[in-house]
Amino acid sequence: MENLRNVRNIGISAHIDSGKTTLTERMLYYTGRTHVIKEVKGEGAVMDHMELEKERGITITSAATTVQWQDKKVNIIDTPGHVDFTVEVERSLRVLDGAVLVLCAVAGVQSQSITVDRQMKRYAVPRIAFINKMDRTGANPVNVIQQLESKLGLTAIPLQLPIGAESNFAGIIDLIERKAIYFDGDNGEDIRLEPIPADMVDAADRARQGMLEALSMVSDEVMELLLEEAEVSTDLIHKTIREGTIAQQICPVMVGSAYRNKGVQPLLDAVNRYLPSPLDREVFAKDNNNGMAEVPLASDPDAPLVAMAFKLVEESFGQVTYMRIYQGTLKKGTFYFNSRQKKRARISRILRVHADQKEDIDAAGAGDIVAVMGVECATGDTYCEEGANLSLESIYAAEPVIDLS
Ligand code: GDP
């Protein structure tokens, strides 16, 4: 069974038009690049437009898409950018372990950014902010960072400095690794690493110091090293950012231009490094057989199954139910008990949906998100072992809805 440490269940949320769709497509593109890159007359790689079109369709219709980035399996879950708290939005949000909040470098924090951020806070979903459209005239990341603090109350910690501005936006300075990353080529997909350019060394040093001082607020270890004027190791910086992000004490900020393929790969690295795995989150179910007592769920694959249907979708290959497995292992051909309908159902097929294919699998373990065929249910329904009678839906439904006005 899968090592859960290597699983990420993430959502990408944004105010409309900030580039959520473009960014999602680029993520699919980079994670599946062996399928979609072709060489053109020795001039480097370009994107195959047919493939891009195919991916576009998949991005829009799939409630969850599984991609592989380095050693991590990343489930990208479609999070509707609704203005209000609909039950549908809530169900999508509660299956996330982390999220990327996409912002426009010109427009900054907009009304829906505020809404989705409140929703994320309500479900305690840690976030990374991605300031997109750095190539646009009027791009002002400093302004957006201030708005993250003033409008969303986040402790925003920039991990990068942009190199060049607007149409000359060429790359980023990675403040942790202390190097410049340029995104070259027509599609911006050729990554070139260089030392920090001489005219930016001072600014990079100041920005790195600012980043470390901000991190010292959430880590005594970093604080002590700064007081001693000692070197803070890269490993300690990554660890501090990860822990601070998961605890929602900080929000790392990255910059880029999804449209120009700039900054997407560092963002994928950050998803792997800083967003939580299913093991980092505690989930409880209510036991309907025992006075609705709270039962902590274990990620152990041998524990009794508990899974929630969070989305029903008509896909090109038929009607499917997307489920998140919270405990145990979901097995094909097995009967499970739907605790709302009070009846059993047999899982006839389990599918993993990738950007360019769907894969039939026999079983999926805790922490995973899969598409299931053969069950008729409603979103929010919990499936558990026969004999058990657990439900996940009631946990959040009992909470008061936050006033958005
Ligand atoms: P969504 O509504 O958040 O899903 O946004 P889309 O991905 O549909 O993007 C909205 C518009 O912004 C489209 O016309 C995109 O081509 C454009 N766009 C997306 N990313 C960038 C970017 O990095 N730079 C620029 N200049 N335009 C972008």
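First listed ligand is number 1; within each ligand, the first listed atom is number 1. This chain uses plain numbering: 1 for the first residue, then up along the sequence.
- Of the N and O atoms on the side chains of S18 and N132, not one donor lies less than 3.5 Å from an acceptor on the other residue.
- Heavy-atom neighbours of E376 CD from other residues, nucleotides or ligands within 6.0 Å: at or below the threshold of 12.
- Sorted by first then second residue, the ring-ring contact (aromatic ring centres under 6.0 Å, His included) pairs that include residues 236-277, not counting sequence neighbours, are H238-Y274.
- Enumerated by chain and number, the residues approaching ligand 1 to less than 4.0 Å through a heavy atom are H15, I16, D17, S18, G19, K20, T21, T22, N132, K133, D135, R136, S257, A258, Y259.
- Between the side chains of R26 and N261, at least one donor N or O lies within less than 3.5 Å of an accepting N or O.
- Atom CG of D71 sits in a crowded spot, with more than 12 heavy atoms from other residues, nucleotides or ligands closer than 6.0 Å.
- Closest approach of I157 and A214 over heavy atoms only: CD1-CB, 3.5 Å.
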